*Asks:* 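Submitted below is the structure of interest, expressed as structure tokens.
Each residue takes its place number in the sequence, starting with 1. All values derive from a computational prediction rather than experimental measurement. Read the numbers this way: they start at 1 and go in the same order the structure lists the ligands and their atoms.
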Amino acid sequence: MVKKVRKAVFPAAGLGTRFLPATKASPKEMLPIVDKPMIQYAVEEAEACNIKEFIMITGKSKRAIEDHFDYAWELEETLKSKGKKTMLKEIQRLAEHQFAYIRQGAPLGLGHAILCSKPFVKDEPFAVILSDDIIDPDDNLLGEMIKIYNKYKATVLALQRVPKEEIHRYGVIAGKEVKKNVYKISDMVEKPTSSAAPSDLAIIGRYILTPDIFNFIEKTSPGKGGEIQLTDALKALLKRKPVYGYLFEGRRYDGGDKIGYLKATVELAMKNPALRDEFKEYLFSRILSLSNKEQ
Ligand code: UTP
């Protein structure tokens, strides 16, 4: 019987250099989008897919992540005494999950970060969620990927079409569409130049991996940027086992990049019924005054 995906790994040990100085002493994953840190959106995405165990890969200056998902009794008592039941429930709900924290001694790359989760993942399939890749909460990307995993019992990567000018920032695949939006992957290249890219299908920050990936990461030498790259381990896996890609056509924002982060903030604020009208009015008036100035 195929094992269910019950565990998710959240690599959060990167340095977040694109967001300095904000990330000098605070984790990038704790940057808020409207009223929640990026990593909470990621955890809620996994929660919605019935994930039961949350494995965080953290590092230096990342303690705030542990505190965020822990009980906070002083705050809870205050909320209780003030009758703020909804907020209290919301805060307690997250702490009820089972979290594990593993420190990645040095940011040696995404592949290495995932390898750190091996003692907790054991022999089960698992999801990997990069919390700085923000997926619109109304899109069920992870749920679709789990369905594909259940059908093919193989590794599934999330893909998105990316314009030529941006392709050098991603791992890029070659493959054949076997079903609408499902690709059987035949090759992948980490951060290619636009002329060397085998397609416009980029790997984005959601993966369903099988535990055999650990053997391949262990054999992977440092690649681009001196880091142990997940793409290199996946490429080796590909020679032995099928790997599928799911083409996601919904909205994604690169929250690790300033422009992506600003876009995510605007989009998620517009989805918030308590903010939408006032914020929309502000945006309209701001755009109007900017375009008047330009004329
Ligand atoms: P990124 O390259 O986007 O994040 O890694 P970064 O290194 O933190 O940011 P920049 O590029 O310096 O601005 C993708 C994800 O992998 C994690 C990061 O925390 C991020 O969630 N990561 C990366 C690790 O956990 N460990 C690593 O060694 C590298």
*Asks:* Regarding K235 and D187, does a basic nitrogen lie under 4.0 Å from an acidic carboxylate oxygen?
*Replies:*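 Salt bridge present between K235 and D187.
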*Asks:* Is any N or O atom of A13, backbone or side chain, closer than 3.5 Å to an N or O atom of ligand 1?
*Replies:*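 Yes, since at least one N or O of A13 sits under 3.5 Å from an N or O of ligand 1.
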*Asks:* Check whether more than 12 heavy atoms from other residues, nucleotides or ligands sit under 6.0 Å from atom CE of M87, and answer yes or no.
*Replies:* no
*Asks:* Using distance alone, with no hydrogens and no angle criterion, decide if N50 and K52 have a side-chain donor and acceptor under 3.5 Å apart.
*Replies:* yes
*Asks:* Under 3.5 Å, N or O to N or O, is G16 touching ligand 1 that way?
*Replies:* yes
*Asks:* Would you call D138 and K271 a salt bridge, using N to O less than 4.0 angstrom?
*Replies:* yes
*Asks:* What do you reckon, does A113 have a nitrogen or oxygen under 3.5 Å from a nitrogen or oxygen of ligand 1?
*Replies:* no
*Asks:* For atom 2 (O) of ligand 1, what is the nearest protein heavy atom, given as residue, atom name and distance?
*Replies:* R18 NH2, 4.3 Å
*Asks:* Is D123 salt-bridged to K3, cutoff N-O under 4.0 Å?
*Replies:*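 Yes, charged N to carboxylate O under 4.0 Å.
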*Asks:* Using a plain distance cutoff, I'd like to know if E227 has any nitrogen or oxygen under 3.5 Å from a nitrogen or oxygen of ligand 1.
*Replies:* no
*Asks:* Within the 4.0 Å heavy-atom shell around P107, which atoms of ligand 1 are there?
*Replies:* 28 (O)
*Asks:* Is K36 positioned over the aromatic face of Y41, cation under 6.0 angstrom from the ring centre and no more than 45 degrees off axis?
*Replies:*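 Because its charged atom sits under 6.0 Å from the ring centre and within 45° of the axis, K36 does stack over Y41.
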*Asks:* When you compare ligand 1 with I57, is there at least one nitrogen or oxygen pair between them that comes in under 3.5 angstrom?
*Replies:*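 So ligand 1 has no N or O lying under 3.5 Å from an N or O of I57.
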*Asks:* In the protein, which heavy atom is nearest to atom 14 (C) of ligand 1, and how far is it?
*Replies:*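 Result: L130 CD1, 4.1 Å.
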*Asks:* Do S131 and ligand 1 have an N or O pair less than 3.5 Å apart?
*Replies:*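 Looking only at distances, the answer is no, because the N/O contact criterion of under 3.5 Å is not met.
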*Asks:* Any luck finding a side-chain donor-acceptor pair between Q40 and E44 under 3.5 Å?
*Replies:* yes
*Asks:* Which residue and non-hydrogen atom of the protein lie closest to atom 24 (C) of ligand 1, and at what distance in Å?
*Replies:*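 Checking every protein heavy atom, the shortest distance to atom 24 (C) of ligand 1 gives G14 N, 3.4 Å.
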*Asks:* Please report whether ligand 1 has a polar contact with K62, defined as an N or O pair separated by less than 3.5 Å (distance criterion only).
*Replies:* no
*Asks:* Run the contact test for E29 against ligand 1 with a 4.0 Å cut-off on heavy atoms, strictly below, and give the result.
*Replies:*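 True for this residue.
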*Asks:* Does H112 have a heavy atom less than 4.0 Å from any atom of ligand 1?
*Replies:*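 No, H112 has no heavy atom closer than 4.0 Å to ligand 1.
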*Asks:* For atom 21 (O) of ligand 1, what's the nearest protein heavy atom and its distance?
*Replies:*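 Its nearest protein heavy-atom neighbour is P11 O, 3.0 Å.
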*Asks:* Heavy atom to atom 7 (O) of ligand 1, shortest distance: which of I228, V9, L15, L230 holds it?
*Replies:*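 Answer by nearest heavy atom: L15.
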*Asks:* Hey, mind stepping through V178 and Y152 against side chain to side chain contact (heavy atoms under 4.5 Å, CB included) and telling me if it holds?
*Replies:* CA-CA 12 Å; V178 289; Y152 295 100; 3.9 Å; yes
*Asks:* Ignoring angles and geometry beyond distance, decide whether L108 reaches within less than 3.5 Å of ligand 1 through its nitrogen or oxygen atoms.
*Replies:*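 Checking ligand 1 against L108, an N or O pair does fall under 3.5 Å apart.
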*Asks:* Would one find an N or O of F19, backbone or side chain, under 3.5 Å from an N or O of ligand 1?
*Replies:* no
*Asks:* Crowded around R6 CZ? As in, over 12 foreign heavy atoms under 6.0 Å?
*Replies:* yes
*Asks:* Can you report which non-hydrogen protein atom sits closest to atom 5 (O) of ligand 1, along with the distance?
*Replies:*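 Heavy-atom neighbour on the protein nearest atom 5 (O) of ligand 1: D132 OD2, 4.7 Å.
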*Asks:* Under 4.0 Å from a heavy atom of G109: which atoms of ligand 1 are those, numbered in the order shown and with their elements?
*Replies:*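 Near G109, meaning under 4.0 Å from one of its heavy atoms, ligand 1 has 26 (N), 27 (C), 28 (O), 29 (C).
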*Asks:* With R252, which of D257, D132, D133 fulfils salt bridge (Lys or Arg N to Asp or Glu O under 4.0 Å)?
*Replies:*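 That would be D133; it is the only one of D257, D132, D133 passing the salt bridge (Lys or Arg N to Asp or Glu O under 4.0 Å) with R252.
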*Asks:* Is any side-chain N of the basic residue among E144 and R206 closer than 4.0 Å to the acidic one's carboxylate O?
*Replies:* no
*Asks:* Return the orientation label for the F99 and H97 ring planes: parallel under 30°, perpendicular over 60°, tilted otherwise.
*Replies:*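 F99 and H97: perpendicular rings.
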*Asks:* For atom 12 (O) of ligand 1, what is the closest protein heavy atom, and at what distance to 0.1 Å?
*Replies:*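 Checking every protein heavy atom, the shortest distance to atom 12 (O) of ligand 1 gives T17 OG1, 2.5 Å.
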*Asks:* Can E267 and Y253 be said to form a side chain to side chain contact (heavy atoms under 4.5 Å, CB included), step by step?
*Replies:* CA-CA 9 Å; E267 293 293 340; Y253 310 98; 3.1 Å; yes
*Asks:* Would you verify that at least one protein heavy atom lies under 4.0 Å from atom 26 (N) of ligand 1, or report that none does?
*Replies:*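 Given the 4.0 Å limit, the answer for atom 26 (N) of ligand 1 is yes, a protein heavy atom qualifies.
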*Asks:* What are the atoms of ligand 1, with element, lying closer than 4.0 Å to any heavy atom of K28?
*Replies:*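 Once the distances to K28 are compared, the set is 3 (O), 4 (O), 6 (P), 8 (O), 9 (O).
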*Asks:* Has ligand 1 got any nitrogen or oxygen that is less than 3.5 angstrom from a nitrogen or oxygen of L110?
*Replies:*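 Between L110 and ligand 1, no N or O pair is found under 3.5 Å apart.
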*Asks:* Near A12, which atoms of ligand 1 are under 4.0 Å from a heavy atom of that residue?
*Replies:* 19 (O), 25 (O)
*Asks:* Between F69 and F54 (judged by ring centroids, cut-off 6.0 Å), do the two rings come close enough to count as a pair?
*Replies:*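 No.
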